[in-house]
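If you read the sequence from its start, that first residue is 1, and numbering goes on from there. Atoms within each ligand, like the ligands themselves, are counted from 1 in listed order.
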Amino acid sequence: MRVLFLGDVVGRSGRLAVIEQLPGLRERYQLDFVVVNGENAAGGFGITEPILMELLDAGADAVTTGNHVFDQREALVFIERYDRLLRPVNFPPGTPGRGAGLFKTRSGADMLVINAQGRVFMADLDDPFRAIDRELEACALKSGADAILIDFHAEATSEKQAMGFFVDGRASALIGTHTHVPTADEQILPKGTAYISDAGMCGDFDSVLGMDKEEPLQRFLTKIPTARFSPSHGEATLCGVAVDIDDATGLARAIAPLRVGGRLSQTEPAFWL
Ligand SMILES: [Fe+2]
Ligand SMILES: [Fe+2]
């Protein structure tokens, strides 16, 4: 089973990269399932209903989010209408939307997608470890789902690595998001779960985390905000990871980064060529 995960889409540049590249990538690699993190898709902050539709139309099977999920207030309402849009599962009880979903892949397999958020240097949500554990208990690999992909949206690499080992052997892949910078630690953990600390962003890398670099730089220099953060509009690098999953076990056979366009070094998964 061939799964592609794309990291946080930032603003118009990031959306354009996804819209222009994803249909071709689906075709080129014969992808069975695509997950896109859309938490920064609307001007860098949150997601709107038309933008969600754009991402789904471009070929996303599920759209995950993170701490910015409700930056566009309308998301509090429309998230209830789209089971393909997920928010972190460990938000407090009663939060609109859902944190996990079971979806059909192109070949008819059952793919469980879980979205959770870390707590180190982030908002103090419910315990993500127990929240993910509950989801994996309710819909386990092979008995409940043919494959399980977890988007762990977290700041600290320590928390992400710990979560990787916590789900090792129980999920097909645990992919980190939120920092917007791709890490080079992609690997198959000892019990068969594919892991990377951060998938990176789909955004312009001539920027600070996808935002125009002037304002962040001024804030570091002077500690005084002078303007709002706005997305950088240069050509985005489409940043993600490719995961090849064994249909028989639901565990990962290979993981590799995928980077297309923009300023970062280009790379594609050799095992699918
Ligand atoms: Fe983000
Ligand atoms: Fe985030």
Side-chain angles (χ1 to χ4, degrees), residues 5-18 34-48 51-52 54-55 60 62-73 75-76 79 85-92 95 97 99 113-126 128 131-132 149-161 163 174-183 196-213 215-216 219 228-234 236-241 257-259 262 264:
F5 182 94
L6 297 179
D8 306 31
V9 177
V10 183
R12 190 189 312 140
S13 293
R15 297 199 312 269
L16 272 179
V18 174
V34 176
V35 180
V36 178
N37 186 302
E39 74 150 5
N40 307 107
F45 297 94
I47 187 166
T48 63
I51 288 174
L52 173 66
E54 278 182 5
L55 296 176
V63 175
T64 53
T65 56
N67 53 307
H68 290 294
V69 57
F70 297 126
D71 284 359
Q72 306 292 326
R73 311 303 289 176
L76 285 161
I79 195 170
L85 176 62
L86 301 178
R87 48 87 175 152
V89 67
N90 52 326
F91 270 64
T95 302
V113 181
I114 305 171
N115 191 187
Q117 186 173 314
R119 295 195 295 186
V120 178
F121 310 130
M122 297 188 85
D124 194 21
L125 300 185
D126 291 347
I132 286 179
L149 188 146
I150 303 169
D151 172 351
F152 188 39
H153 195 80
E155 178 76 31
T157 43
S158 57
E159 194 178 20
K160 296 186 196 190
Q161 289 183 340
M163 186 65 85
L174 183 126
I175 296 168
T177 57
H178 178 67
T179 70
H180 291 199
V181 178
T183 58
I196 187 167
S197 291
D198 210 291
M201 68 171 172
C202 298
D204 175 12
F205 276 84
D206 181 16
S207 73
V208 174
L209 306 186
M211 297 293 162
D212 261 336
K213 48 193 184 282
E215 178 59 18
R219 289 196 197 183
R228 298 161 74 97
F229 289 126
S230 58
S232 191
H233 288 312
T237 301
L238 188 96
C239 257
V241 286
L258 174 81
R259 292 193 293 269
L264 294 199

Step by step, would you call Leu55 with Ile47 a side-chain contact (heavy atoms from CB on, under 4.5 Å)? CA-CA 10 Å; Leu55 296 176; Ile47 187 166; 4.1 Å; yes
Ile150 vs Ile175, side-chain contact (heavy atoms from CB on, under 4.5 Å): CA-CA, chis, key distance, verdict: CA-CA 6 Å; Ile150 303 169; Ile175 296 168; over 6 Å; no
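Looking at heavy atoms from C-beta onward, Gln117 lies out of side-chain contact with Pro128 at the 4.5 angstrom threshold. Annotation: side chain of Ser13 is not in contact with side chain of Phe205 (no heavy-atom distance under 4.5 Å).
No other N/O/S atom of Glu39 lies as close to the Fe ion (ligand 1) as OE2 does. For His178, the N, O or S atom with the smallest separation from the Fe ion (ligand 2) is ND1.
Both the sub-6.0 Å distance and the 45° axial angle are not jointly satisfied by Arg228 relative to the ring of Phe45.
With a cut-off of 2.8 Å, the Fe ion (ligand 1) has no N, O or S atom of His153 in range. Not a single N, O or S atom of Thr177, from either the backbone or the side chain, sits less than 2.8 Å from the Fe ion (ligand 1). Here His180 fails the criterion, with no N, O or S atom under 2.8 Å of the Fe ion (ligand 2).
Rounding to 10 degrees, one finds that the Fe ion (ligand 1) sits at the corner of an angle of 110° between Asn40 OD1 and Asp8 OD2.
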